Amino acid sequence: MVLLDSHRRQVDANGAYLRLMGYRRDQIIGRPFYEHVIGGPLASPQQWAAALAAGRFTGATPLRAADGSNVNVQWAATVELVTGHRRVLFVALSTSRWGSRFREAEPGEHEAGSLSAREREIVRLVALGSSGPEIAEELSITHNTVRTHVRNAMTKSGARSRAHLVAKALGDGLAFD
């Protein structure tokens, strides 16, 4: 996951994104994300403004990693207002270093649409960076209840981690209903 500001500058990134791209955090923070996009920005300033106004968007983009290799990424993005600033959370749904062929869904994987309203609410808060105890306090439930909802949502969606859960929910447009 990588978090951008409204000018497409990288504000933060998780460890998985840093490993995928081969950069250290200090090498990317404050830099335009489109510097990594092969062929430069895919959206004009007007198209970017329209995407921000839409609030959610998806796509597939070839990126250049630090070692010069190409990484094709299927992604989902959502726009949120955080501490008075518009932020765009990009989540990789699937990646491929072997051309534009992406991993197929495994047989038997569940649809994220089966998440309950409470599970979707908790996934949304996880996506926004809230910790389990913060979610528990905000929703007036116990931390163990938050853990149970996250575990159930991961099981229902076939996610292997919290980041994967957020990616799947974003890809299905469910985390921010």
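Since the structure is predicted, the reported quantities are computational estimates derived from the model, not experimental observations.
- Around CD of Glu137, the count of heavy atoms belonging to other residues, nucleotides or ligands within 6.0 Å does not exceed 12.
- Side-chain contact between Leu63 and Met21 is present, with at least one heavy-atom pair separated by less than 4.5 Å.
- Judged by distance alone, with hydrogens and angles left aside, the side-chain atoms of Ser69 form no donor-acceptor pair with the main-chain N or O of Ala65 at under 3.5 Å.
- When side chains are defined from C-beta on, Ile29 does not count as touching Arg9, because their heavy atoms never get closer than 4.5 Å.
- Checking side-chain atoms of Trp48 against main-chain N and O of Ser6 turns up a donor-acceptor pair under 3.5 Å.
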| said: Quick one, Leu4 with Val11, criterion side-chain contact (heavy atoms from CB on, under 4.5 Å). Give me CA distance, side-chain angles, the key distance, then yes/no. | reply: CA-CA 5 Å; Leu4 308 181; Val11 175; 5.7 Å; no

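- Using a 4.5 Å heavy-atom threshold, the side chains of Asn72 and Thr61 count as separate.
- Between Thr78 and Val88, every side-chain heavy-atom pair lies at or beyond the 4.5 Å cut-off.
- Within the 4.5 Å cutoff, side-chain heavy atoms of His36 are placed close to those of Tyr23.
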| task | Please test Glu138 against Leu125 for side-chain contact (heavy atoms from CB on, under 4.5 Å), starting from the C-alpha separation and ending with a verdict. | result | CA-CA 10 Å; Glu138 181 172 335; Leu125 292 169; 3.7 Å; yes

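- Heavy-atom minimum distance, Gln47 versus Leu42: OE1-O, 3.9 Å.
- No donor-acceptor pair closer than 3.5 Å links the side chain of Gln74 to the backbone N or O of Ala60.
- Residues Pro62 and Val71 have side chains not in contact (no heavy-atom distance under 4.5 Å, counting atoms from C-beta outward).
- Using a 4.5 Å heavy-atom threshold, the side chains of Val150 and Arg162 count as touching.
- When all heavy atoms of Arg118 and Glu121 are compared, the closest pair comes out as NH1-OE1, 2.9 Å.
- Formation of a donor-acceptor pair under 3.5 Å by the Glu119 side chain with backbone atoms of Ser116 is found in this model.
- Using a distance-only test at 3.5 Å, with no hydrogens or angles considered, no donor-acceptor pair links the side chain of Ser130 to the main chain of Val126.
- Listed by chain and residue number, Asp12 satisfy the salt bridge (Lys or Arg N to Asp or Glu O under 4.0 Å) test with Arg25 (two or more places apart in sequence, or in another chain).
- With a 4.5 Å cut-off on side-chain heavy atoms, Leu165 and Val123 count as touching.
- Expressed to the nearest 0.5 Å, how far CZ of Arg151 lies from NZ of Lys156 amounts to 12.0 Å.
- The aromatic rings of Phe33 and Phe90 sit parallel to each other, their planes meeting at less than 30°, with 60° as the upper class boundary.
- Between Ala92 and Val73 the shortest heavy-atom distance is CB-CG1, 3.7 Å.
- Taken from CZ in Arg87 to CG in Leu3, the straight-line distance is 6.5 Å, to the nearest 0.5 Å.
- Shown here for Ala66 and Gly22, the closest heavy-atom pair between the two residues is CB-O, 3.2 Å.
- Listed for the Asn14 side chain is a donor-acceptor partner under 3.5 Å among the backbone atoms of Met1.
- When all heavy atoms of Tyr17 and Ala13 are compared, the closest pair comes out as CD2-CB, 3.4 Å.
- With rounding to the nearest 0.5 angstrom, the CD atom of Glu35 is 12.0 Å from the CZ atom of Arg8.
- Rounding to the nearest 0.5 angstrom, the gap separating the OG atom in Ser140 from the CD1 atom in Ile135 is 13.0 Å.
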| message | If you apply the rule side-chain hydrogen bond (donor to acceptor under 3.5 Å, both in side chains), what do you find for Thr142 with Asn144, and how did you get there? | response | CA-CA 5 Å; Thr142 69; Asn144 282 336; 5.4 Å; no

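- Scanning all heavy atoms of the two residues, the minimum distance from Ala163 to Val91 falls at O-CG1, 4.5 Å.
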| said: The test is side-chain contact (heavy atoms from CB on, under 4.5 Å); show your working for His85 and Asp5 and say whether it passes. | reply: CA-CA 8 Å; His85 301 284; Asp5 66 14; over 6 Å; no

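- Judged purely by atom type and a 3.5 angstrom limit, Arg120 uses its side chain to pair as donor or acceptor with the backbone of Leu115.
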| message | Using the rule given for side-chain contact (heavy atoms from CB on, under 4.5 Å), can you reason through Arg86 versus Val79, listing the C-alpha separation, both sets of side-chain angles and the distance that settles it, and then say yes or no? | response | CA-CA 7 Å; Arg86 195 164 34 179; Val79 180; 3.3 Å; yes

